[in-house]
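One structure is given below, encoded as structure tokens.
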Number of protein chains: 2
Amino acid sequence: MNENARISRIQKGKRTEIRRENERVILEAAEKVFAEAGFGGATMQLIADMAGLPKANLHYYFATKEDLYRRVVQNIFEIWLHAADSFDNAAGPAEGIGAYIEAKMEISRRHPFGSKVWASEVMHGAPVIQDYLETTLREWTDGRMAVIQRWIDAGLMAPVNPRQLLYMIWATTQHYADFGHQIETLNAGKPLTDRQWRDATETVKSVILRGIGVLV
Amino acid sequence: MNENARISRIQKGKRTEIRRENERVILEAAEKVFAEAGFGGATMQLIADMAGLPKANLHYYFATKEDLYRRVVQNIFEIWLHAADSFDNAAGPAEGIGAYIEAKMEISRRHPFGSKVWASEVMHGAPVIQDYLETTLREWTDGRMAVIQRWIDAGLMAPVNPRQLLYMIWATTQHYADFGHQIETLNAGKPLTDRQWRDATETVKSVILRGIGVLV
DNA sequence: AATTTTGTTGACCGGTTGGTCAGGTTGTGG
DNA sequence: CCACAACCTGACCAACCGGTCAACAAAATT
């Protein structure tokens with residue numbers, strides 16, 4: 001048996017497939033339940049029911065409720081950080097910040113449950129991911145602040161406090177996920193349409209970009 | 001006994017005083033515990049300990065955990081609505097929206113626990129205050145949107161979607177309460193100083209006001 | 001085909017939680 | 001000073017929750 005065949009077998013083996021699929025189903029159910037009930041309000045039984053598995057099976061893949069929760073939070077954090085790719089290779093603030101806002105709005109739309117879990121985690125004092133905040137997030141923030149400061153120094157945008165600007169972007173974009181229920185209620189109880197999402201994105205972009213002196 | 005004497009006695013009676021004071025202490029403790037642990041994670045025992053009362057005493061004043069929670073949520077909702085007073089008798093958007101942002105930032109600073117409870121309630125689908133969203137909040141929103149629209153029609157500000165503008169103000173201001181822990185962590189673990197709160201308020205105000213074409 | 005590893009699950013358990021209640025204490029009106 | 005109402009609380013309970021485990025099934029390995 002050569003190396004390729006072995007790798008192929010490992011990746012395609014039924015065992016591996018079962019594990020991957022079950023973990024996926026469990027994490028998806030957990031994300032939803034944690035988002036809708038909070039960590040304390042969520043029960044392993046509820047997650048199991050939503051995943052269509054016996055509760056004992058959950059504990060086979062994830063030792064404890066906290067382990068499962070940690071994985072859910074880490075998943076959304078990864079997505080969150082990736083949105084920064086828009087930021088990096090941008091020529092100036094109009095392009096960079098505009099693309100970042102669009103990326104974050106897209107995340108709010110496609111991962112509303114993950115966003116809520118993250119918000120909930122932070123609101124409760126980040127008991128699980130405090131170390132991420134102090135290391136990865138801090139470095140990430142410092143890096144983007146430096147980019148914004150360079151744009152300001154180059155006269156490409158108004159001298160707005162870069163940190164506060166990032167907070168404003170985070171707040172406005174995540175609002176559409178975290179407070180989605182309120183927004184839906186004020187929208188006659190109906191989810192936002194494609195057009196409404198585009199309008200919201202455009203409004204956020206235009207107000208912020210004009211607010212930092214990039215648009216006229 | 002005349003009417004005045006009776007009212008005076010009722011308001012000053014020790015019984016009334018005891019009830020009012022105990023309810024106040026319990027609500028204050030409950031707000032903090034619900035904010036830090038969520039509804040599901042909060043326990044009556046924890047609230048009782050923080051209030052310095054036996055658990056059974058809590059159930060004397062508030063029949064169920066849900067009753068207590070409902071009162072906490074209603075309290076913050078009242079404060080929330082009152083911030084709109086800044087909006088109403090304003091000559092134009094610079095004054096009205098500026099004052100509203102300041103009022104909401106002040107609420108985020110002075111009632112961080114209440115803000116978090118409100119956010120948590122909405123994030124979880126507003127199980128307790130859904131009717132408020134559909135009645136009071138909707139009317140409130142429609143009213144302010146009309147005011148903003150009049151300003152736009154009068155040429156006092158750029159034609160920004162009034163609804164999205166309100167959402168942006170809610171999001172940016174409440175962010176400082178709901179994500180206060182994250183902001184504090186990124187601030188070297190220290191709470192914002194007076195000066196930093198003023199800076200944050202000014203940045204939010206200037207970016208939004210410039211963003212809607214009110215500032216140059 | 002035998003053996004080992006991995007996956008599956010109903011039944012069970014100790015600990016915690018929201019809520020109750022009986023019996024006591026304190027304040028109030030007559 | 002008496003009777004009634006409001007307030008207080010230790011002890012208790014049924015329900016539920018996270019987690020365990022033994023016994024079994026299925027797949028992989030030899």
By a strict heavy-atom criterion of less than 4.0 Å, which residues belonging to residues 58-72 of chain B are in contact with DNA chain D?
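Residues of residues 58-72 of chain B that come under 4.0 Å of DNA chain D are, in numerical order, B:Tyr60, B:Tyr61.
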Before accepting this row, confirm whether a basic side-chain N of the pair A:Glu23/A:Arg19 lies closer than 4.0 Å to the acidic partner's carboxylate O.
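A salt bridge is present here (some side-chain N lies under 4.0 Å from a carboxylate O).
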Taking A:Glu202 first and then A:Arg198, would you say they form a salt bridge - that is, a charged N and a carboxylate O separated by under 4.0 Å?
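Not counted as a salt bridge, because no side-chain N and carboxylate O are separated by less than 4.0 Å.
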Which nucleotide wins on minimum distance to the side chain of [X], given the candidates [options]?
X: B:Thr43; options: C:dT17, D:dC8, C:dC21; value: C:dT17
X: A:Lys55; options: C:dT17, C:dG10, D:dG18; value: D:dG18
X: A:Ile18; options: C:dT8, D:dG10, D:dG18; value: C:dT8

Residues within residues 21-36 of chain B bordering DNA chain C, heavy-atom distance below 4.0 Å
none
Looking for any heavy atom pair under 4.0 Å, which part of the strands does B:Ala48 touch: base, sugar-phosphate only, or nothing?
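Result for B:Ala48 = nothing.
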Side-chain donor-acceptor pair under 3.5 Å between B:Asn75 and B:Glu31, yes or no?
no
Any luck finding a side-chain donor-acceptor pair between B:Gln74 and B:Tyr132 under 3.5 Å?
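Yes, B:Tyr132 and B:Gln74 have a side-chain donor paired with an acceptor closer than 3.5 Å.
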So which one's nearest nucleotide on DNA chain D is more toward 5', A:Phe39 or B:Leu53?
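Whichever sits nearer the 5' end wins; that is B:Leu53.
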Phosphate contact (D:dC7 OP1 or OP2) by B:Arg19 side-chain N/O below 4.0 Å
yes
